[in-house]
A.B. asks: 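Handing you a structure now.
Fair warning: this is a prediction, and the values are worked out from it, not measured in the lab. Throughout, a chain's letter reflects where its sequence line sits, starting with A, and its residues are numbered from 1.
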Amino acid sequence: MEEAQVQKAAWYQGLTVEQEKIWFEEQIRQCEKDITRFACHITGNMEKAKDIIQEAFLRAYKYRHSYNDKYPFRNWLYAILLNIHRHNCKKEKLIKTIIPWKNSDDEEQDTWDFIESEEEGPEARTLKKQLVVDIEKAIQKLPLKMREVIVLCDMAGYSYEEASEVIHCPLGTIRSRLHRARRQVQKELEIKYGEDLFTSWS
Amino acid sequence: MECERIRKLLSAYLDGELSEEERREVRKHLFVCSRCELEFKKMRNLKGLIIQFGQSFEPKVGNEIHYDTLQSQANGRRLKEVLLFSVLACIIFLLFVFFLPIYKNIMPGSNADASIGEIHRNLTGDSYDVPKNSGRVVVNFLKQVSNDWE
């Protein structure tokens, strides 16, 4: 009975609005880097990533009282980010169906810009860096559902259970999506580099 | 057949997300099947590459959180929503006012016992009833409103 009461006590109880702001800011600081990295991999575009991060902060602050501190704050933010991105993707799709002549070349041009910005110049483009760009491209080609899982499990290092909490789907689905995503990335890379890539690389 | 089934489990085996029984099964199979073992090694290297790639990207952070900005953004969005809604409501009202006469004309059983020929004339614009009618409706409507007010 006592435990139930402890669980019911929300994190914001007994805090003033100012204290809540400080708490929120601290949480954001702690996972800011991970959130930015996650948003970049999910969107494949720095500008889009910045937009959805802003939107996610806005939404998280607005609905901060719905956060359950039993779970990590980062997972909650990831879930919000994913929802926003899914919503944006749907909107883009809808616009494309209504205005089919709208050219998406501009979007493709500035994609992967966050990888390019890491490079010092064309001379620094080694095989490994090229490979990094190709891995990102292969991941961006995946359907959103698979991309979410591969970014969460392989890049953010989440277990299947944690990923299922963020994405809100069963463990078996995570498992099969991740398997298919890896196979697809592997195929993409093998087409470009040949099958020796994975046997020679260690 | 067995290979196909095992290959579907390789990814989860690599992540250590299989049950003890499944894990033993996969391990046994990998011991005897060189093709599946090669597949497993490929997948392991791929995972290593993706992890390396994930870690190699260091995002620049340092976004300042301005609560006033967040609040004003929220307010701005609300204002936009209200504006959009009112514009849509106006458009729907105008459409209703101007297209009601046409609708009345083409519906069977209405006052203007419309025949097919009349409908055709109305829709093709051969007849000048449409603008007259719509004008009359607006005038009647305004008269009624002013009467109500008085």
A.B. asks: Is there side-chain contact between E17(B) and S159(A), with heavy atoms separated by less than 4.5 Å?
C.D. replies: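 Answer yes - side chains close enough.
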A.B. asks: Chain B heavy atoms under 4.5 Å from I150(A): which part of the residue, side chain, backbone, both or neither?
C.D. replies: side chain
A.B. asks: Who wins among I35(A), I135(A), I139(A) for the most heavy-atom pairs under 4.5 Å with chain B?
C.D. replies: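 It is I135(A).
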A.B. asks: Is it the backbone or the side chain of L171(A) that comes under 4.5 Å from a heavy atom of chain B, or both, or neither?
C.D. replies: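 Neither part; nothing is under 4.5 Å.
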A.B. asks: Could you tell me whether E20(B) atom CD has more than 12 heavy atoms of other residues or ligands within 6.0 Å of it?
C.D. replies: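 More than 12 heavy atoms, drawn from other residues, nucleotides or ligands, come within 6.0 Å of this atom.
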A.B. asks: Identify the residue among R183(A), Q186(A), E190(A) that makes a side-chain contact (heavy atoms from CB on, under 4.5 Å) with L46(B).
C.D. replies: Q186(A)
A.B. asks: How many angstroms lie between CG in L178(A) and NZ in K47(B), if you round to the nearest 0.5 Å?
C.D. replies: 8.0 Å
A.B. asks: Starting at CG of L10(B), measure out to CZ of R182(A) and round the result to the nearest 0.5 Å.
C.D. replies: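 Those atoms lie 10.5 Å apart.
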A.B. asks: Once rounded to the nearest 0.5 Å, what's the spacing between atom NE2 of H179(A) and atom CZ of R7(B)?
C.D. replies: 9.5 Å
A.B. asks: Hey, what do you get for OH (Y158(A)) to CG (D15(B)), rounding to the nearest 0.5 Å?
C.D. replies: 15.5 Å
A.B. asks: Which atoms of R44(B) are under 4.5 Å from chain A, going by heavy atoms: the side chain, the backbone, both sets, or neither?
C.D. replies: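 R44(B) has no heavy atom closer than 4.5 Å to chain A.
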